[in-house]
Enquirer: 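So that we are looking at the same thing, I have put the structure below in structure tokens.
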Number of protein chains: 4
Amino acid sequence: MSQNQILQSLIAENLVSDPNGARGRLLTEAARLFREKGYERTTVRDLAAAVGIQSGSLFHHFRTKEEILKAVMVETIRLNTALMQAALEAADSIRDKLRGLVRAELESINGQTGEAMAVLVFEWRSLSAASQAEVLELRDIYEALWLEVLEALKSEGALEADPFVVRRMLTGALSWTVTWYNPGRGGLTLDGLTDQVMAMMALKSG
Amino acid sequence: MSQNQILQSLIAENLVSDPNGARGRLLTEAARLFREKGYERTTVRDLAAAVGIQSGSLFHHFRTKEEILKAVMVETIRLNTALMQAALEAADSIRDKLRGLVRAELESINGQTGEAMAVLVFEWRSLSAASQAEVLELRDIYEALWLEVLEALKSEGALEADPFVVRRMLTGALSWTVTWYNPGRGGLTLDGLTDQVMAMMALKSG
Amino acid sequence: MSQNQILQSLIAENLVSDPNGARGRLLTEAARLFREKGYERTTVRDLAAAVGIQSGSLFHHFRTKEEILKAVMVETIRLNTALMQAALEAADSIRDKLRGLVRAELESINGQTGEAMAVLVFEWRSLSAASQAEVLELRDIYEALWLEVLEALKSEGALEADPFVVRRMLTGALSWTVTWYNPGRGGLTLDGLTDQVMAMMALKSG
Amino acid sequence: MSQNQILQSLIAENLVSDPNGARGRLLTEAARLFREKGYERTTVRDLAAAVGIQSGSLFHHFRTKEEILKAVMVETIRLNTALMQAALEAADSIRDKLRGLVRAELESINGQTGEAMAVLVFEWRSLSAASQAEVLELRDIYEALWLEVLEALKSEGALEADPFVVRRMLTGALSWTVTWYNPGRGGLTLDGLTDQVMAMMALKSG
DNA sequence: CATGAATGAGCATTCATTCAT
DNA sequence: TATGAATGAATGCTCATTCAT
């Protein structure tokens, strides 16, 4: 299944919003603004203006501003979990599965959903405790995919460090690329960056 | 020189505030609150209450709330730069120098200055452009220490990946420990965590 | 055209606010309060209370408190310029034109717009430099009406002193009436006061 | 008696402060600042800085900020009353007495005490009701000098208008010179300006 | 007398949210 | 659904005044 097919099926199941619909466009703009200015510094007027409506009208789509933040996070995790699962299915060896996960996470961070992923990291504290719990449940599914692969790798003897620790190191390292990696400029492609990560871990896919 | 001696000499040079003085105590509490609630959600009334003064009195020490954020960042970088330089001087081999830097950064992130380090990462956008420029100058000095060591390591053939990319990966990975590593609980000590990082890079100090 | 017709046409052209509308009522109350207590001592809460809304709601009509001050001044000058032009058109001789101007200015100072005129004089320094420049442009039009008449009077030989100086003396003398003249009490009507001014200048209209 | 002799005798009687003493210098600076920025916009820190002390130290000289405003006004009226009396004594004819008063008031407004005189007019509302009453008593003495002369002039037939009204017109006209008259620039001297005022009233001193 | 840190009430302004139209 | 005026609590900041040193 292509990335687009995955997106379409999630839309069909009503798990993520159609990016062309009113709700989807708002979430896209919200991710952009939350990342650019931060959740607190983004006003509902900013959000409304970004999609060409009045601020009062926002509240027909979302009950509160925080609900918008939660929706950005939830839909992003849902989409990326599905993309990761597809990446795993497409790979044969364990090393290739790890490479697939790294590649998919780098793409989620630096591609279309990059802004939403950055929001997930940097605006976490702006989410109420109740919403955090909801989002964490979804995150657990996502994280389980990583741990399975890393544990298999350790069993194979290809990984020396603790899988749990490695995953957390990778989370930090990969998230951080958003602050410096620019897919447009410079010679480094996403595949090249993936190679660097594997090399750093002495895990060249060969 | 011990860590405490380094701190004392920075205080003497007026480069960081005495943690026992009024200003220093405010910065400590500010770092804690900014990390806990975020800069925007922390009010000047919160800050004042945390050190037992009235909100108006804050403005005898700092002209604006943002100046407090800047001071938290500036003093933290100054202190950690000095600690890194000491760690480098204490190490002999290049591998040990890298280990020293990793160890020092993990300590800065998970020890006394941990809250301030987290603020440096997570509240960066709340700093005005002018203040960002000032802080970036100090960051450059700090980062240069890392790049020198990583480049030396690459010359030695002990490092395959690009030093610049590796430093950025490490920045993300080490910063992220603040979200999951707990020096008190669990069996993992800071030295153990340092070992894990070195192992992940296939760089055991031996 | 009656005074009321002039006002109506300015409202229609959107040059002054309808005194019965929300904005107009606020400006009327603002003029009263600014004159009574001064601009600085008048809080936005005072202004809001005077028209029966909450202080936050003020900022739907005006972006800043200063914008209210500017609007009071601008609308007053616009109205009085129009009234002066009408007074000039209604008079035949040059002496009668001067009498018309004096009468109109006394009326603007001691009548309906009296409070706003006093604000124009006494709160001038509270206006930002940028707003002052805007208001001064309008004032120039207004002042040109006076100078034309005074210069014509000098050409006729009916005025000995310098028109420019005379206008400034009159500005001060007439503005000052607001501090002592009370149209209700005492026998002095506005026409009587106008006579006194003309008499003082040895310019009886006969 | 020269102007300076009058000042010296007032200082000796403790009715005005020595301009070279600490209190006198503060009042001079206060008059300047109050006129420049307005009473409300002038902070006690501004006042203290202007005379090179700390803001807390001001309160050893004056109990409140308002007391400074009152002192500026009171001392100015005292001085100018004395100067007016001297001007009256020096003149022979009633016309010359009026000329003396006009000349003296123009000098008070545009000379050394100009700033304080402007404060008297433009900051009146910032004075508490209690202080206003005190200052008004002094003003009455001052105003009585004018009314005597104007009434004598009317008895002589040299003045047609009501003395009370004329005095008020003159108050406004002369006060207003502070906004436009510049003794340094332009050809108009204070004597020339006095002539203009007398001419405007058809009261040339001859 | 002078200092300067501290006070605490007050200020203009912001902003998520509501609701009559 | 959409509007936009209104709300009202909250915010960062100011400033005259106090007082221990």
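Chain letters run A, B, ... following the sequence lines, proteins first, then strands; residues in each count from 1. Note that this is a predicted model, so its numbers are computed, not measured.
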Enquirer: Taking the six-membered ring of D:F59, is the NZ or CZ of D:K65 close enough (under 6.0 Å from the centre) and on axis enough (within 45°)?
Expert: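 No, D:K65 does not lie over the aromatic ring of D:F59.
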Enquirer: Under the side-chain contact (heavy atoms from CB on, under 4.5 Å) test, which residues partner D:Q8, sequence neighbours left out?
Expert: D:N4, D:I11
Enquirer: For A:A30, what residues pass the side-chain contact (heavy atoms from CB on, under 4.5 Å) criterion, not counting sequence neighbours?
Expert: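 side-chain contact (heavy atoms from CB on, under 4.5 Å) list for A:A30, sorted by chain: A:F34, A:L47, A:I68, A:V72.
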Enquirer: Test of understanding: with salt bridge (charged side-chain N to carboxylate O under 4.0 Å, His left out), list the residues that count as partners of A:K70, not counting sequence neighbours.
Expert: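 A:K70 satisfies salt bridge (charged side-chain N to carboxylate O under 4.0 Å, His left out) with A:E134 once adjacent residues are dropped.
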Enquirer: Could you check whether D:I53 gets within reach of a base, just the sugar-phosphate, or nothing at all, counting any heavy atom under 4.0 Å?
Expert: sugar-phosphate
Enquirer: Report the residues that fulfil ring-ring contact (aromatic ring centres under 6.0 Å, His included) with C:F62, sequence neighbours left out, ordered by chain and then residue number.
Expert: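 Listed in chain order: nothing, the list is empty.
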Enquirer: What is the distance, rounded to the nearest whole Å, between atom CD of A:Q54 and atom C1' of E:dA16?
Expert: 15 Å
Enquirer: Let's see if you get this right: which residues in residues 19-42 of chain D place a heavy atom under 4.0 Å from DNA chain F?
Expert: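 Going residue by residue through residues 19-42 of chain D, the ones with a heavy atom under 4.0 Å of DNA chain F turn out to be D:T42.
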Enquirer: Just how far, in rounded Å, is P of F:dA16 from CG of D:L58?
Expert: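 These atoms are roughly 10 Å apart.
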Enquirer: Looking at DNA chain E, which of residues 119-131 of chain A put a heavy atom within less than 4.0 Å of it?
Expert: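 Heavy-atom cutoff 4.0 Å gives no residues at all.
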Enquirer: Just grab all the side chain to side chain donor-acceptor pair (under 3.5 Å) pairs involving residues 115-130 of chain A, residues at least two apart or on different chains.
Expert: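 Non-adjacent pairs meeting side chain to side chain donor-acceptor pair (under 3.5 Å): A:E40-A:S126, A:E66-A:S128, A:E123-B:R125, A:R125-B:E123, A:S128-A:S131.
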Enquirer: Under the side-chain contact (heavy atoms from CB on, under 4.5 Å) test, which residues partner A:T43, sequence neighbours left out?
Expert: A:R45, A:D46
Enquirer: Distances under 3.5 Å between protein N/O atoms and the N/O atoms of nucleotides 17-21 of chain E, please, pair by pair.
Expert:
from, atom 1, to, atom 2, distance (Å)
E:dT17, OP2, A:K65, N, 2.8

Enquirer: Let me know which of A:T113, A:V135, A:V16 forms a side chain to side chain contact (heavy atoms under 4.5 Å, CB included) with A:I77.
Expert: A:V135
Enquirer: Write down the distance between CG (B:L47) and P (F:dT11), rounded to a whole number of angstrom.
Expert: 11 Å
Enquirer: I want to verify a distance call: between E:dA2, F:dA16, F:dA6, whose nearest atom is closest to the D:H61 side chain?
Expert: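 Nearest listed nucleotide: E:dA2.
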Enquirer: Enumerate the salt bridge (Lys or Arg N to Asp or Glu O under 4.0 Å) contacts for residues 14-27 of chain B, please, sequence neighbours excluded, ordered by first and then second residue.
Expert: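 Counting only pairs at least two positions apart or across chains, the salt bridge (Lys or Arg N to Asp or Glu O under 4.0 Å) contacts touching residues 14-27 of chain B are B:R23-B:E75.
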Enquirer: Got a minute to check which stems DNA chain E is part of, using Watson-Crick or G-U wobble pairs under 3.5 Å, three or more consecutive?
Expert: E:2-21 with F:2-21
Enquirer: Tell me every residue that passes salt bridge (charged side-chain N to carboxylate O under 4.0 Å, His left out) with D:R63, counting only those two or more places apart in sequence or in another chain.
Expert: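 If we apply the salt bridge (charged side-chain N to carboxylate O under 4.0 Å, His left out) test to D:R63, skipping adjacent residues, the hits are D:E67.
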